[in-house]
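Below is one structure; the comments refer to it alone.
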Amino acid sequence: MNARSVIAQAFARSVLARVQAQAARLGADLPAVTCEGLLTLFERLWDQTLDGDSCIALDRRQRAWLALPACAPVLAAHGPLCLDLDSLYLRRFHAAESRLAQACRARLDVVSGALPRLAPGQVLRGLHEAQSRAVQAGLQHPLALIHGGPGTGKTRTVASLIAAWVLSDPRPVKVAAPTARAGARLMESLASALSGMALPPEARAALPQAAFTVQRLLRQLPRGPGTRAALVASAGDAPPMVVLDDDAPGLVIVDEASMLSLELADALLARLPAQTALVLVGDPDQLKSVESGAVFAALCQASHPALAQARVGLSRNFRQAGQAGLVELAESVLAGAPSRSALSAAVALKPRQLRSLVEAATQRYLAMRERGLAACPAGSTASERALALLRESGAYRLVSARASGASGAQALAAAILGRLQQSLGAVPWFEGRLITITRNDEASGLFNGDTGVYVRVDPMRPSDAASAAGDEAADPSMGLEGWVAFDRPEGPLLMPVAALPEYRDAYCMSVHQAQGSEFDTVDFVAAPAEHALATRELLYTAVTRARTALVIHGDWADIEWAATHAGQRLTHLAARIDQSVDKI
């Protein structure tokens with residue numbers, strides 16, 4: 001029995017014990033079949049919440065059990081459970097879902113009195129019609145959504161929205177993503193898009209210089225009274241939004257919003273000042289958050305009139321116009337009918353032969369390393385080699401549907417590392433070794449999902465020593481094992497191996513870990529048919545990690561099974577947004 005099952009059973013037994021104690025106080029006798037049924041129900045609630053559901057649906061018999069007087073304490077205001085909408089919740093998730101819906105409605109109710117602002121004409125030049133509407137929505141609504149698949153121009157749209165904002169509003173713009181990796185990729189794309197725009201120096205100086213994780217953003221937002229409370233109070237009174245803090249950002253943009261969990265989104269809306277506009281950007285068809293909730297998908301499904309006006313979908317694929325096979329496969333997977341005709345020069349299907357796959361992936365990583373080092377002239381600094389290696393790291397990645405097991409990301413990454421070490425002199429650390437951080441660490445400035453490459457630093461070379469130190473107080477002795485470089489807008493961040501927070505090798509990533517990243521070429525190890533991870537969302541997310549070429553390792557039956565089995569999460573967030581809270 002795994003740790004998760006042990007915890008689920010312990011939770012279920014503790015709740016049942018409270019029910020039985022109340023029954024004893026009431027002098028009631030709970031039949032054994034009822035106790036067994038409640039135990040199973042409570043265990044299933046815990047399990048499905050861990051799997052991402054906000055709640056579980058109940059049948060007539062289960063509702064009858066919960067209607068027993070003995071269950072009243074566990075369903076009371078301070079009990080661990082909540083019964084609502086014929087569904088059973090852990091109380092913390094019911095509270096988060098209710099608060100989040102109320103906060104969203106408050107922002108949506110304000111919009112009717114908001115004065116629309118129009119984007120400057122030069123910002124909209126060259127945009128597709130839907131992109132222009134998305135920019136206007138971000139300027140005019142306290143809560144706006146921009147959704148679309150990979151290559152549909154979301155980043156270009158966000159860049160235009162930021163440019164329009166800094167030209168018309170002095171309040172700062174902050175951008176964020178659920179993970180550090182997604183934030184770094186966003187900033188890289190935004191920098192490219194904004195560099196080509198004709199902006200005056202004062203506007204360019206106001207552009208955001210870095211992306212936050214949502215957790216870090218929460219710590220940047222002003223504290224104190226009046227965020228959610230003032231917004232709710234003002235929603236039905238005066239049309240203008242209440243100004244609470246002059247230092248608050250005017251606009252917050254959250255990319256890869258499909259990864260927002262219920263509780264993280266609740267915390268964001270709770271802390272977001274009333275005068276700050278929020279724009280959520282993402283793809284509702286991708287994998288949802290690792291934790292409970294499907295917030296972005298629910299917001300895309302809700303039919304609230306104001307939200308419908310503030311929600312813009314982008315569908316025209318700009319990036320993969322030359323990779324028809326990738327586009328066709330992604331669209332057919334979403335339709336639940338994967339197309340065999342999508343197999344092409346860009347998309348291939350191969351048997352799941354792990355040994356040959358590991359060898360082929362090893363050769364790809366060796367070639368990437370050689371290209372990165374070859375791009376650096378003799379005598380190049382550690383920072384220069386780091387930049388070249390980091391640029392090459394986006395060329396290829398092996399991705400697996402699973403994190404563990406023989407075909408999981410951990411085992412495949414370890415096998416590839418072993419092959420690389422054998423090829424490069426049996427040393428534990430070699431220049432170009434690819435790792436990813438697995439735990440947020442404020443002290444070092446490294447966060448879960450940050451990917452870095454190992455570089456050798458020569459302490460006798462002044463340029464190396466200067467680029468590695470970064471912090472004047474850094475202890476040179478910590479760098480004896482070498483340094484790992486992480487990409488940053490201002491230049492590589494070099495961190496001694498001895499100072500790294502928890503990390504693992506990044507030669508194979510699970511699809512969940514790869515979400516928010518894209519690579520030129522992807523090898524994807526599919527989950528077998530009928531596996532819990534063989535779902536439409538996971539397959540679609542894996543397919544859309546590739547920019548130009550994709551090889552799927554598995555059988556066509558695995559693809560068909562996944563495409564026809566959507567992993568829907570149970571949530572009532574959309575219903576709560578569409579109706580007033582007191583009617584639910």
Side-chain angles (χ1 to χ4, degrees), residues 128 130-131 147-155 258 282-288 297 300 313-354 356-357 360-361 364 394-402 407 412 508-512 514-568:
H128 190 260
Q131 292 175 304
H147 63 91
T152 53
K154 296 191 297 294
T155 302
S258 66
D283 183 351
D285 296 313
Q286 286 191 21
L287 280 170
K288 311 303 185 286
C300 288
L314 307 178
S315 58
R316 182 176 176 181
N317 193 307
F318 297 93
R319 183 190 307 146
Q320 295 174 321
Q323 281 75 39
L326 283 170
V327 175
E328 182 182 353
L329 180 59
E331 291 177 348
S332 63
V333 165
L334 286 182
S339 170
R340 278 189 177 274
S341 64
L343 299 179
S344 61
V347 183
L349 179 66
K350 292 184 177 181
R352 197 184 288 104
Q353 296 176 348
L354 298 184
S356 59
L357 173 58
R364 282 187 175 274
Y396 169 77
R397 196 66 90 246
L398 176 58
V399 176
S400 177
R402 295 182 276 191
S407 64
L412 292 174
C508 185
M509 307 167 73
S510 70
V511 176
H512 284 87
Q515 192 169 2
S517 300
E518 287 181 339
F519 307 96
D520 294 338
T521 301
V522 169
D523 274 309
F524 169 54
V525 183
E530 302 188 42
H531 191 279
L533 291 173
T535 66
R536 180 182 302 166
E537 291 79 11
L538 188 140
L539 176 59
Y540 171 76
T541 304
V543 167
T544 52
R545 296 313 88 205
R547 296 190 190 99
T548 57
L550 169 73
V551 179
I552 301 176
H553 298 266
D555 299 324
W556 186 255
D558 302 332
I559 299 173
E560 287 185 317
W561 173 274
T564 54
H565 288 77
Q568 297 296 331

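These values consider heavy atoms only, across backbone and side chains, with no hydrogens, waters or symmetry-generated copies.
Closest non-hydrogen pair, Pro338 versus Ser332, comes out as CA-OG, 3.5 Å. For Val399 against Val522, the heavy-atom pair with the smallest separation is CG2-CG1, 4.0 Å. Closest approach of Glu328 and Ser339 over heavy atoms only: OE2-OG, 2.6 Å. Closest heavy-atom contact between Pro528 and Ala534: O-CB, 3.5 Å. Across every non-hydrogen atom of Tyr540 and Gly149, the tightest pair is OH-CA, 3.7 Å. Between Arg545 and Pro150 the shortest heavy-atom distance is NH2-CG, 4.4 Å.
Shown here are the ring-ring contact (aromatic ring centres under 6.0 Å, His included) partners of His565, two or more places apart in sequence or in another chain: Trp561. Checked against salt bridge (Lys or Arg N to Asp or Glu O under 4.0 Å), Asp520 has the following partners two or more places apart in sequence or in another chain: Arg547. Under the rule for a side chain to side chain donor-acceptor pair (under 3.5 Å), the partners of Arg352 that lie at least two apart in sequence or sit in another chain are Asp558.
No donor-acceptor distance shorter than 3.5 angstrom exists from the side chain of Arg364 to the backbone of Ala360, with no hydrogens or angles considered. Side-chain N or O atoms of Lys154 include one that pairs as donor or acceptor with a backbone N or O of Gly148 at under 3.5 Å. Counting only distance, with no hydrogens or angles, the side chain of Thr541 and the backbone of Leu539 share no donor-acceptor pair below 3.5 Å. Not one N or O on the side chain of Gln286 forms a donor-acceptor pair closer than 3.5 Å with the backbone of Gln515.
His128 NE2 to Leu314 CG: the interatomic distance, rounded to the nearest 0.5 Å, is 9.0 Å. Distance check: Leu533 CG to His512 NE2 gives 7.0 Å after rounding to the nearest 0.5 Å. Going from atom NE2 of His553 over to atom OG of Ser356 covers 8.0 Å, rounded to the nearest 0.5 Å. Between the CD1 atom in Ile559 and the CZ atom in Phe524 there is a gap of 8.5 Å [rounded to 0.5 Å]. In this structure, OG in Ser510 is found 9.0 Å from CG in Leu287, a value given to the nearest 0.5 Å.
At least one side-chain heavy atom of Glu537 sits less than 4.5 Å from a side-chain heavy atom of Gln568. Arg397 places a side-chain heavy atom less than 4.5 Å from the side chain of Met509. Side-chain atoms of Asp285 and Thr544, non-hydrogen and from C-beta on, never get closer than 4.5 Å to each other. Taking 4.5 Å as the limit, some side-chain heavy atom of Leu550 sits within range of a side-chain heavy atom of Leu329.
Looking at Arg402 and Ser407, their side chains do bring a donor and an acceptor atom within 3.5 Å of each other.
No option in Ile552, Val511, Leu412 other than Leu412 meets the side chain to side chain contact (heavy atoms under 4.5 Å, CB included) test with Val525.
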